[in-house]
Amino acid sequence: MNILVVGANGQIGRHLVAMIQKSEGLQAKAMIRKQEQANYFRELGAEPVMVDLESDVDDIAKAAQDVDAIVFTAGSGPKTGKDKTILIDLDGAVKTIEAAKKVGVKRFVMISSFDTTREAIQAAPSSFSPYVVAKHYADEWLRGTDLDYTIVHPGALTNEKGTTKVQLAEKVERGEIPREDVAEVILQTLQNDKTIGKEFQIVSGDTPIKEAVQNS
């Protein structure tokens, strides 16, 4: 399976590409924005491809040629303004979905926010609500397609070492989760067709990741 990781240079993306490259039968194509990021991925054996998410659908579609699955794990980051949140977390996600449709890639895994419901938008602090809004509509756009999608809703992200154990369900209590564990959940999701058409929240827990994904 050849997998395009959109947002490969992000913290989850880096973990995921490394895991893909260590997995038999999987190969990563790392979509990055800057040339200086390429060597890291080449050293892992992954194929870097330079595309800016603010560019055209056609540019993203070219990067998605000859892949079997796409993972969208890009994000504008906490230090950017509302404009970048709309351009990356919403429009970038929608353009990636449209690129997948254009080149016939059916499998699509979206890394979303923990809760993207209308209630979550209303409850979010004003500084965070644009991000939740962007994720809400990106998720809605994906649900309206005929892609073989999975939407992953992680809890508060940390840089702690992964525990390889999670709590995973359609709804779980809020909590934290290491980015490394999120990447492992994505990896297992890609290899498990039972997750197609599903979405789930994940936080740290007591269930081994492979088992949790299998029972999702």
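These numbers come from the heavy atoms of this one structure, side chains and all, not from hydrogens, waters or symmetry mates. Since we're looking at a predicted model, the values are computed, not measured. In what follows, residues are counted from 1 in the order of the sequence shown.
Other residues, nucleotides and ligands contribute at most 12 non-hydrogen atoms within 6.0 Å of the NZ atom of K165. Counted within 6.0 Å of CD on E36, heavy atoms from surrounding residues, nucleotides or ligands total more than 12; the atom is thus considered enclosed.
Of the possible polar contacts, one joining the K95 side chain to the S55 backbone as a donor-acceptor pair under 3.5 Å is found. Without hydrogens or angle criteria, D68 side chain to N2 main chain gives a donor-acceptor distance under 3.5 Å. In terms of modelled atom types and a separation under 3.5 Å, the side chain of Q21 and the main chain of A28 share a donor-acceptor contact. No donor-acceptor distance shorter than 3.5 angstrom exists from the side chain of K29 to the backbone of V49, with no hydrogens or angles considered. Put simply, the side chain of K62 never gets that close to the backbone of V51: no donor and acceptor are under 3.5 Å apart. Panel note: side chain D181, backbone S204; no donor-acceptor pair is recorded below 3.5 Å. Side-chain N or O atoms of H136 include none that pairs as donor or acceptor with a backbone N or O of T117 at under 3.5 Å. Judged purely by atom type and a 3.5 angstrom limit, D89 has no side-chain atom pairing as donor or acceptor with the backbone of K135.
Listed by first and then second residue, the salt bridge (Lys or Arg N to Asp or Glu O under 4.0 Å) pairs that reach into residues 108-117 come to none, sequence neighbours excluded. Within the structure, the salt bridge (Lys or Arg N to Asp or Glu O under 4.0 Å) test picks out the following pairs touching residues 41-57 (sequence neighbours left out): E54-K84. Counting only residues at least two apart or in different chains, ring pair (Phe, Tyr, Trp, His ring centres under 6.0 Å) contacts with residues 25-76 are absent. Every pair tested for salt bridge (Lys or Arg N to Asp or Glu O under 4.0 Å) that includes a residue from residues 204-216 fails, sequence neighbours excluded, so the list is empty. Every pair passing salt bridge (Lys or Arg N to Asp or Glu O under 4.0 Å) that includes a residue from residues 189-202 is listed here, sequence neighbours excluded: R143-E199.
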Given the rule in the side-chain contact (heavy atoms from CB on, under 4.5 Å) test, do Q188 and Q214 qualify, once you have shown the distances and angles that lead to the verdict? CA-CA 8 Å; Q188 294 300 327; Q214 175 65 23; over 6 Å; no
Could you check F114 against V172 for side-chain contact (heavy atoms from CB on, under 4.5 Å), going step by step and ending with a plain yes or no? CA-CA 10 Å; F114 182 73; V172 301; 3.9 Å; yes
Check the pair K82 / I86 against side-chain contact (heavy atoms from CB on, under 4.5 Å), numbers first and verdict last. CA-CA 6 Å; K82 296 176 184 178; I86 296 299; 5.6 Å; no
Quick one, E98 with K101, criterion salt bridge (charged side-chain N to carboxylate O under 4.0 Å, His left out). Give me CA distance, side-chain angles, the key distance, then yes/no. CA-CA 5 Å; E98 292 304 299; K101 290 159 61 176; 3.0 Å; yes
Please step through salt bridge (charged side-chain N to carboxylate O under 4.0 Å, His left out) for the pair K102 and D58, ending with a clear verdict. CA-CA 9 Å; K102 190 165 190 173; D58 286 346; 2.2 Å; yes
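Counting heavy atoms from C-beta on, the side chains of T145 and L142 come closer than 4.5 Å. In this structure, the side chains of I20 and Q27 stay at 4.5 Å or more apart for every pair of heavy atoms. Within the 4.5 Å cutoff, the side chain of M31 has heavy atoms near those of the L53 side chain. Between F200 and T189, some side-chain heavy-atom pair lies under the 4.5 Å cut-off. Contact of the I70 side chain with the L147 side chain is not registered, since no non-hydrogen atoms from C-beta on lie closer than 4.5 Å. Under the 4.5 Å side-chain criterion, counting only non-hydrogen atoms from C-beta, E184 is not in contact with V166. Looking only at side-chain heavy atoms (C-beta outward), I32 and K34 stay at 4.5 Å or farther from each other. With a 4.5 Å cut-off on side-chain heavy atoms, E173 and V203 do not count as touching.
Results of the side chain to side chain contact (heavy atoms under 4.5 Å, CB included) test with I186 over V5, V213, V71 single out V71 as the only residue that passes.
Considering all non-hydrogen atoms of both residues, A138 and A93 come closest at CB-CB, 3.8 Å. Between I60 and A99, the shortest heavy-atom distance links the atoms CG2-CB, 3.7 Å. Of all the heavy atoms in Y131 and S112, the pair that sits closest is OH-O, 4.4 Å. Scanning all heavy atoms of the two residues, the minimum distance from L168 to S216 falls at CD2-CB, 3.6 Å. Across every non-hydrogen atom of A61 and V103, the tightest pair is O-CG1, 3.5 Å. Shown here for L190 and A69, the closest heavy-atom pair between the two residues is CD2-CB, 3.9 Å.
Rounding to the nearest 0.5 Å gives a distance of 7.5 Å between CD of Q37 and CZ of R14. Separating the OG1 atom in T85 from the CG atom in L87 is a distance of 9.0 Å, to the nearest 0.5 Å. The CG atom of D91 lies 9.0 Å from the OG1 atom of T96; values are rounded to the nearest 0.5 Å. One distance of note links CE of M110 with CH2 of W141; it measures 11.5 Å at 0.5 Å rounding. Here L157 contributes atom CG and R179 contributes atom CZ; the two are 4.5 Å apart, rounded to the nearest 0.5 Å. Expressed to the nearest 0.5 Å, how far CD1 of I202 lies from OG1 of T207 amounts to 12.5 Å.
Taking hydrophobic clusters as Ile, Leu, Val, Met, Phe, Trp and Tyr residues chained together by side-chain heavy-atom distances below 4.5 Å, V152 shares a cluster with L16. Cluster annotation: I151 is connected to V132 through the hydrophobic network of ILVMFWY side chains, with a link wherever side-chain heavy atoms come within less than 4.5 Å. Under the 4.5 Å side-chain heavy-atom criterion for Ile, Leu, Val, Met, Phe, Trp and Tyr, M1 and V17 are members of the same hydrophobic cluster. I111 is connected to L187 through a chain of hydrophobic side-chain contacts under 4.5 Å among Ile, Leu, Val, Met, Phe, Trp and Tyr, so both are in one cluster. Both I88 and I97 belong to a single network of hydrophobic side chains, linked directly or stepwise wherever heavy atoms of I, L, V, M, F, W or Y lie under 4.5 Å apart.
Cluster note: V57 groups with no other residue, as no ILVMFWY side-chain heavy atom lies under 4.5 Å from it.
In the model, R107 has a side-chain atom that pairs as donor or acceptor with a side-chain atom of T195 under 3.5 Å.
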